[in-house]
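Beneath this line is the structure, given in structure tokens, with notes to follow.
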Number of protein chains: 2
Amino acid sequence: MKKVTMADVAKLANVSKSTVSQYLNKRYEYMSEETRKRIAEAIEELGYQPNVIARSLKQKTTATIGVIVFNMLHMMTTQVLHAIEEECQKRGFQVIVCNSGDDPDKEKTYVDTLLAKQVDGLIVFPTGKNEDVYRCLVEERFPLVFVDRMVPGVEADSVLLDNFAAAEMAVDYFASNGYGRIAIVTPPLVPYNVPRMERLEGFRAAMRKRGMDVEERNIIAADPGALPEVLKQRFAEPKRPNALFAINDLTLMGVLRFVKETGIRMPDELAIINIDDVPFADIYTPALTTIAQPTFAMGKKAAERVFEQMDSNHADSPRVFRFSPALMERTWIKRGNGKEGRRNDEDS
Amino acid sequence: MKKVTMADVAKLANVSKSTVSQYLNKRYEYMSEETRKRIAEAIEELGYQPNVIARSLKQKTTATIGVIVFNMLHMMTTQVLHAIEEECQKRGFQVIVCNSGDDPDKEKTYVDTLLAKQVDGLIVFPTGKNEDVYRCLVEERFPLVFVDRMVPGVEADSVLLDNFAAAEMAVDYFASNGYGRIAIVTPPLVPYNVPRMERLEGFRAAMRKRGMDVEERNIIAADPGALPEVLKQRFAEPKRPNALFAINDLTLMGVLRFVKETGIRMPDELAIINIDDVPFADIYTPALTTIAQPTFAMGKKAAERVFEQMDSNHADSPRVFRFSPALMERTWIKRGNGKEGRRNDEDS
DNA sequence: TTGTAGGCGTTATCAT
DNA sequence: ATGATAACGCCTACAA
């Protein structure tokens, strides 16, 4: 099967390999109609398929980019990947997908492997802990784009959610609907997880701006699994929150489990909003208002940026692209304090 | 950066390229401790990274497999992909992911491209419409595994859900909980979509086995978007079903939208079960009982099979692997007919 | 308009 | 124990 090489085609068509090569690269300029046809026939007859590997070796370009993600199972990741793939498809590029599982060592190994495989660029959802690795890449002007998180200390293109805007959106949403005792719910806070910190900071800032202060115990940080218990504890204490801002979809699940287990009533006793749109938002009762990341646009931009970096040597300085979150308003907010409810039937 | 080649290392270490090559391939057998060390140092000093492309050209093997899926956004796909990636990682393989969007032409193009890129094997969630393409591969003993669907007329390894068992599971579940008027809900039926047809057939068989007959109007086929309306119509007719078997997660969404819009009460007036576990199953009220596909095991098996095909030339005849669905029982079934409820807190 | 020759970075086969 | 040399399949001057 794959034994058919350019030489075979050349022989059958009675021309030299070079001529076949010309033909394949569509440099028909000085080729006689005659030979062109003969070559075409030969290719057809032999079922010849060029060997891209050989071409790559010569041209030092593989039409392949590597994507390293820290969690393939996140919907956000899937959606961004989808957009990246689509964009690559347009340019005839392929995507090698690697899952680091948020393990910096694996991440490093993958970077090495992908470089060895001569990928033309790298899109990374970074663990955030491989500063040195990435700094090298940047220094060597290797096409690189970070998504979702960035790596502190590395100046590279980054495609991120505007986390401050998202947090502010959440606070605004609660406040304008009359919810005042707002708590933020997040996975454990770690300094190298930039979005998490930004969302918290954004939350603090937004609260401050509205003249509300954030009690420390209203910053509820726990792994999603432990969340129901942690929330129960918090709700046993005085001044229970009446609004929870879940920092991502996983956290939201923890919150909803808590809601279900305690039977707390949802628009009345407690309002919820979260970052990351979830597929069941509008079939849940009450429908869930969420803050969606424009995942498709983000993936597209990430791909576009690697391509731009590949195409230009005059390395313009790295840029950070902040994408605006979108409020997916779905809840009837109907409270005792007189505020009238409203509804918005946006579909994701 | 990438300019460092084996020749450079060889020069710096004062040996020949061959020796360096030996070293890299760990054929230390006849190598002096001395030179080994010198090479190691040279490599270190130059920051040499072998060029896998060159190796591939020589060895005719790329340590890469291609995966073509018809819908990257399906959770099932994501999960299987995840398992595949993990399995590949263990063997030092990489995965090129391609999304055909269920378009046979794109699918064909991808097969060609991946072959040109010399992937060592192919895992495909097929559109089902490229019989000829795949038949060629099989004839040439190219490592190939189908997942989720199979291609009629192509004898290749396939990793599938046991759709009959799944349908039977659904019927049993309803029947043993006292629901008798069972309808099946599915996307439009098309003959080349094997799982869909199998699920319907399995449903018919299971009903027959229990002495219940399937009225044609209890086979509700519609696109998820139109489903709420279609269901409303059906429920306006006499003998409305009291149990709906949704054939997949997308269909389930349509059903749940219908439930929400009509306010039909869920364990009492209507029971639901569906294929594909969904993340919100246990936070929904009432909790949803689902029939889960063992996606992880399926992905793992698919990868294992490509590897086995790669490793053995004595091509054993293609096998079809049917994976048993798992009942994720979460609903309190509590009906007026005296049946006692039960609960099962399995986590996905 | 087409052919020749050299090279891309490795590996493999022999020598030495 | 190590080194020359020829592939691998394609591309690209340059020559004819």
Side-chain angles (χ1 to χ4, degrees), chain A residues 1-40 42-43 46-64 112-120, chain B residues 1-40 42-43 46-64 92 112-113 115-120:
Chain A
M1 160 194 199
K2 318 227 77 51
K3 341 204 64 178
V4 196
T5 157
M6 237 176 57
D8 299 321
V9 176
K11 204 184 305 169
L12 204 164
N14 260 315
V15 294
S16 78
K17 291 194 297 174
S18 350
T19 313
V20 178
S21 179
Q22 308 273 60
Y23 174 87
L24 289 174
N25 296 313
K26 312 211 187 302
R27 303 217 58 72
Y28 300 134
E29 328 210 330
Y30 302 111
M31 203 178 307
S32 74
E33 182 63 30
E34 170 60 15
T35 45
R36 201 188 315 179
K37 190 164 294 170
R38 278 217 312 284
I39 295 177
I43 288 179
L46 298 174
Y48 167 71
Q49 295 270 154
N51 180 333
V52 180
I53 292 292
R55 196 217 311 285
S56 293
L57 179 57
K58 184 73 193 183
Q59 295 185 159
K60 302 156 114 26
T61 170
T62 53
T64 306
D112 290 342
T113 312
L114 290 173
L115 289 183
K117 283 206 170 162
Q118 312 291 116
V119 295
D120 298 331
Chain B
M1 159 196 197
K2 320 227 76 51
K3 339 205 66 177
V4 197
T5 157
M6 237 178 55
D8 301 321
V9 177
K11 205 183 305 169
L12 205 164
N14 259 315
V15 293
S16 77
K17 290 193 299 175
S18 339
T19 311
V20 178
S21 179
Q22 309 274 59
Y23 174 87
L24 289 172
N25 296 313
K26 312 212 188 300
R27 302 217 58 72
Y28 300 134
E29 329 211 329
Y30 301 110
M31 201 177 309
S32 74
E33 184 62 30
E34 170 59 16
T35 45
R36 202 187 315 180
K37 191 164 293 170
R38 277 217 314 283
I39 295 177
I43 288 179
L46 298 173
Y48 166 72
Q49 294 271 154
N51 180 333
V52 179
I53 292 292
R55 195 215 315 282
S56 293
L57 179 58
K58 185 70 190 178
Q59 292 186 161
K60 306 159 105 38
T61 172
T62 53
T64 305
D112 290 343
T113 312
L115 289 183
K117 284 205 170 164
Q118 312 291 115
V119 296
D120 297 331

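Here is the naming used below: chain letters follow the sequence lines, and residue numbers restart at 1 for every chain. None of the values given here were measured: they were computed from a predicted structure.
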By side-chain hydrogen bond (donor to acceptor under 3.5 Å, both in side chains), which residues pair with B:Lys117, not counting sequence neighbours?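 Partners of B:Lys117 by the side-chain hydrogen bond (donor to acceptor under 3.5 Å, both in side chains) criterion, ordered by chain and then number, come out as A:Thr64, A:Gln94.
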
A:Thr35: side-chain hydrogen bond (donor to acceptor under 3.5 Å, both in side chains) partners, not counting sequence neighbours: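 Result, side-chain hydrogen bond (donor to acceptor under 3.5 Å, both in side chains) vs A:Thr35: A:Ser32.
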
Run the side chain to side chain contact (heavy atoms under 4.5 Å, CB included) test against [X] and tell me which residues pass, sequence neighbours left out.
X	result
B:Asp8	B:Val4, B:Thr5, B:Leu46
B:Ser18	B:Ser16
A:Ser56	A:Val52, A:Thr62, B:Ile53
B:Lys11	none

Who passes salt bridge (Lys or Arg N to Asp or Glu O under 4.0 Å) against B:Arg38, sequence neighbours left out?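 By the salt bridge (Lys or Arg N to Asp or Glu O under 4.0 Å) rule, B:Arg38 matches B:Glu34.
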
Nucleotide [N], atom [atom2] - distance to [atom1] of [X] in whole Å:
X	N	atom1	atom2	answer
B:Lys37	D:dA1	NZ	C1'	17 Å
A:Ile53	D:dC11	CD1	P	13 Å
B:Asp8	C:dC8	CG	C1'	13 Å
A:Leu57	D:dC10	CG	P	12 Å
A:Lys11	D:dG9	NZ	C1'	14 Å
B:Leu46	C:dG9	CG	C1'	15 Å

Would you compute the distance between atom CG of A:Leu114 and atom CG of A:Asp120 and round it to the nearest 0.5 angstrom?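 Here the interatomic distance stands at 11.5 Å.
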
To the nearest 0.5 Å, what is the distance between NZ (B:Lys58) and CG (A:Leu57)?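 B:Lys58 NZ to A:Leu57 CG: 12.0 Å, rounded to 0.5 Å.
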
Is the phosphate of [N], meaning OP1 or OP2, less than 4.0 Å from a side-chain N or O of [X]?
X	N	answer
A:Ser32	C:dT1	no
A:Lys60	D:dC11	no
A:Thr19	C:dT2	no

Any base atoms under 4.0 Å from B:Thr35, or only sugar-phosphate, or nothing? Heavy atoms, all strands.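 Here B:Thr35 touches the backbone only, sparing every base.
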
Would you mind classifying the nucleic acid contact of B:Asn14 as base, sugar-phosphate or nothing, using non-hydrogen atoms under 4.0 angstrom?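 The residue B:Asn14 makes sugar-phosphate contact but no base contact.
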
Kindly calculate the angle separating the two end axes of the helix from C:dT1-D:dA16 to C:dT16-D:dA1, each obtained from five base pairs, and round it to 10 degrees.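 Comparing the axis at each end, I get an angle of 40°.
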
Reading nucleotides 10-16 of chain C from 5' to 3' and marking B where a protein heavy atom lies under 4.0 Å of the base, S where only the sugar-phosphate is that close, and - otherwise, the string is BBB----

